[in-house]
Structure formats: C-alpha cells, structure tokens
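To keep things clear, I will list the structure first and then write my remarks on it.
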Number of protein chains: 2
Amino acid sequence: MTERGAERKPWRNPWLKPPVVRWGGGRKGVTMALRHAVLAALLDGEFSGYQLAKGFDIGVANFWHALPQQLYAELARLEGEGLLSGREIVQEGRPNKRVFQVTEAGFAELERFAAASAKPSFIRDDLLVKVQAVDDVPAAPVIAQLRERAAVAEAKTEVLGKLLRRLRGDLDEEEFLRTGRRIGPYLTCRRGLAFERETREWCLWAVESLAGRESVRREGE
Amino acid sequence: MTERGAERKPWRNPWLKPPVVRWGGGRKGVTMALRHAVLAALLDGEFSGYQLAKGFDIGVANFWHALPQQLYAELARLEGEGLLSGREIVQEGRPNKRVFQVTEAGFAELERFAAASAKPSFIRDDLLVKVQAVDDVPAAPVIAQLRERAAVAEAKTEVLGKLLRRLRGDLDEEEFLRTGRRIGPYLTCRRGLAFERETREWCLWAVESLAGRESVRREGE
DNA sequence: TCTCCATAGTCAAGAATATGACTACTCAGA
DNA sequence: TCTGAGTAGTCATATTCTTGACTATGGAGA
C-alpha cells in the first residue's frame, strides 16, 4: 500500500494495451463509419435516401450494409453537420425526393477519415458459427444452408461481374486501372467478387466434406 | 377512402417485403448470435471468460469478434439461462477463475440455432470505404493502410496454417475430413485462411494499381 | 374496383456492440 | 523497491444497428 492516492491509472487497462497479438489493434478512431460509407457512395453523384437504400447493396457496399432507416437518419445528420447538401427534386407521378451531394466540408471529412488508421475487419457470420458446431448438432440443416449460401454467392458474383464490366467500359482491366478516372469502386468491387467466389467455393467444399461423413455415420448407426 | 378503419397493415412495409434482389433477405431469426458463438467456442472444452477473450481471435472466431466485457456479460447471461454451467477453479499464484461448459439445454439451443435459417454476412470494412473514395482523397495514406493490412493478413494466414496443421494432427487433410471426430473448427479455420489470403492478395494488387497511377499523376502535376 | 407493387419517406423502441474506467493479485526485471 | 506486464474480472455509458410500425401517391393487372 505504498501507492498513496493512486488516482486514475488508465494504462492499467489490459484490454487497451493489447498484450500479445490482438490482431490489428484498433487505435481508437472515431467509429461511426456508416457516415463515411454514405459520403463515399455519394461520390458517384447525387442520390436520395431511397436510391441509396436500393443501391447500397450492389454499389458502395459489398462492404457496408445499412437499412433505409439508418440511411435516412445518417443523411439528415450529415446534412445538419454541413457535410452534405440536399435539394428537393420535384417529380411528376411520384413523390418528390431529396437528393444529396458531398460538400467541401464533406470531402474534408472523407479525407480525414481516409488518412486515419483503420481498425481491422472480421467476418462475423452466423453460418460459420453453425459450421463450427456442426459436429455436435445435426448436420443436415447446416448443409442445406451452406448450399443456399453457395447459390447466393454465385448470384452475387454474376452481379458483381457485370458491374465490373460496366465500370471499365470497353477497356481491359489493366488499361482501365492505369487510365480510368475513378478506380476506387472498381477495386472494391473486385474485392467483393473475390469474397463471393471464395465463399461459394468454401461452401461447396464444406458440403462435400460433411455429406461424405454423414453417409459414413449413418452406416454406423 | 373506401378503406374503412384500415388498421395495421404490416404487409405494407416495403422494407420487409424485399422487392427486387435484396441479397439474402433475412427471415428474421433471433439475432443474438454472440451467445451462439460462445456456445460453439465452449464445445472445445471448459474455458473462463479471460481465456475466451484471449482465444476468441484465433480459435472460434475468424468469424466472430467480441470484447471481453461482452464475453463476461454473455457468459453470465447464458449461465443464468442454464445454457452453461460454470465452476470455480482455485489457482495458486494467480486469481481463481470460473470456467464454463455447455449444458444439455445449451446443446439444445445450439441445435435450434443451427437449424434456423441464417442471415447473410457482409464484409463491413473501413478500409474498403477508403478505397472506394480513393480517387477523391490523397491516395498515399490509403496505400499505406493497404500495405499494413496485407502484412496483418499474412501474419494471420501463418497462425491459421499452424492451427490447421495442429487440428488435423498427422493425417492429411482428406483423411482427416473423412475420419476426424471434430471437423467443424477445421472447416471454419479453412474459411478464415482463404479469407486472409484473399485479403492479402487483394491489398497488394490494389497497392500496385494505385501506386502506378500515383507516379503517373505526379508527372502531370 | 380492389389489390399489390414501387416510389419516397418517418418514428420509436429495443438489442447488440463499443468505449473507457476500475479492482486486485503475482511475478520478472531494472 | 518500484515499474510494468500478465491473469482474472466488473461497471457504466455511449453509439450503432435492427425491428416493427406508419403515411402517402400513382400505376398495373385481376
């Protein structure tokens, strides 16, 4: 008890001073990344909340997902902070809409964000949890879900493939990457494609591995 | 206004009845998947919260991430619900600990979860957002982060590679998958490995693509 | 004419995750 | 003997994400 006073020693927190590996170690960062995803999405032009909500799946985000409610809320907040400016588009035969574009302040924020260090990503997937536990639960439903996931992944690869072809126009990939004016979306799209392919292949491989055992096990019963 | 009364028409919600693609379409599910990740992690044996917090990165979860605080809270809840049972381990020279194992009810819950349909996963990664915006912000810091991420991914591939070798012992993969008693962790680990490899390759490819342009652009300045 | 689908949103509440502190003990090394 | 790092945990608050409703209009098709 020689420690008199002993007031607030933040460095005592073992979780903040990651000891061994702690893959990636997040140096804090401002969290809130949906806002940046939205800003990035609006680099492609003016969009309304509704349009983003529809397009968020395919375009900006093989790497960010958000429900419409979140998008609307985020758009409102960003506008309030002056990072976006919105304007009303009057339409005939359908409701008017508000479209948004990135302001100077918005660009500055994106720049700040891009320069800040990133925390690492992880997969976080229900299905993987199920596979992890597959030896202790009935395998059949897990196999069914793996098959389904493989099919979904295949559908996505097709969509992404088309998107990539559209983005690069009539150039081949190498030339596009050298000379295109906007390659960011192409690069991310490529990541999405690789991910979906991997997912599909892994799912099918896992199905094979499990299905074989199932029949073996059944004989033993 | 022929709709008299018109009370509560839930089917009117366009977000619940996904219109076009809406990749995967989540059929609800009970959310709360951390609990199942914890249950799955404890299939490998008894662990304390601390052990899980350390090991969560490498073992169970290339596919689920949680802070220690969350783990402790979840463990307590699961024990309260009877899905886990904990017991105190008295230790010398260090604090005692409480380790947990899955109860019958826990197995039942896992089984229920495994049979329920999974919602699709998405990547959700800060770095991808930055790459998406890379044409409109300085590329240098983004490139630096891509390099760093590639290095992290490489480190992970090595750890996972070792883990895989340990899991399959002296069998080769095919034989292990046919005859091993517990292949779930092996399968998920394999997924993690593929993911990290892909990540690394993509990062390096993106760096190349961007670095080349940078020098081109600099000449133009 | 009634239903359903698509456009274009909003609101409220709750669950899940993340952040930032703290306690307490032990051992190794400067 | 003091510092720092590892083991083992807890508490409180904040932020973010998800769920479930609702409103309103126009057009296509049974």
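Because the structure is a prediction, the values reported are computed rather than measured. Below, chains carry the letters A, B, ... as their sequence lines are ordered, and counting in each starts from 1.
- Applying the side chain to side chain contact (heavy atoms under 4.5 Å, CB included) test to B:Glu154 and every residue at least two apart in sequence or in another chain returns B:Thr157, B:Glu158, B:Arg200.
- The aromatic rings of B:Tyr186 and A:Trp205 are tilted relative to each other, their planes meeting at an angle between 30° and 60°.
- Residues that satisfy the side chain to side chain contact (heavy atoms under 4.5 Å, CB included) test with A:Arg147, not counting sequence neighbours, are A:Ile143, A:Val207.
- In this entry the distance linking CG of A:Leu52 with C1' of C:dA8 reads 13 Å, nearest Å.
- One can place CG of A:Leu71 at 12 Å from C1' of C:dG9, the figure rounded to the nearest angstrom.
- Taking the salt bridge (charged side-chain N to carboxylate O under 4.0 Å, His left out) definition, one finds that A:Arg197 meets it with nothing, sequence neighbours left out.
- Nearest heavy atom pair, residue A:Ala41 against residue A:Leu52, reads CB-CD2, 3.9 Å.
- The CD atom of A:Gln51 sits 16 Å away from the P atom of C:dA6 (whole-angstrom rounding).
- Legend: residues meeting side chain to side chain contact (heavy atoms under 4.5 Å, CB included) with A:Ala76, ordered by chain and number and at least two apart, are absent.
- For the pair A:Leu34 CG and D:dA14 P, the interatomic distance rounds to 21 Å; values are reported in whole Å.
- Residue pairs meeting the salt bridge (charged side-chain N to carboxylate O under 4.0 Å, His left out) criterion with at least one partner in residues 70-87 of chain A, sequence neighbours excluded, are A:Arg35-A:Glu74, A:Arg35-A:Glu81, A:Glu46-A:Arg87, A:Glu74-A:Arg77, A:Glu79-A:Arg98.
- Listed nucleotides D:dA8, D:dC17, C:dA6 differ in distance to B:Tyr72; the shortest reach to its side chain belongs to D:dA8.
- Proximity of A:Lys54 to the phosphate of C:dT7: a side-chain N or O atom is located under 4.0 Å from OP1 or OP2.
- In this model, a side-chain donor or acceptor of B:Gln69 finds a partner on the base of C:dG20 within 3.5 Å.
- Residue B:Tyr50 places its side chain closer to D:dT7 than to any other of C:dT19, D:dT7, C:dA18.
- In terms of phosphate contacts, B:Ser48 brings a side-chain nitrogen or oxygen within less than 4.0 Å of OP1 or OP2 of D:dG9.
- Against DNA chain C, the stretch residues 82-103 of chain B makes heavy-atom approaches under 4.0 Å through B:Gly93.
- When the C1' atom of C:dG14 is taken as reference, atom CG of A:Leu67 falls 14 Å away, rounded to whole Å.
- Closest-nucleotide positions on DNA chain D for A:Gln70 and B:Gly49 were compared, and the one nearer the 5' end corresponds to B:Gly49.
- If you measure from atom CZ of B:Arg124 to atom C1' of D:dT18, you get 10 Å, rounded to the nearest angstrom.
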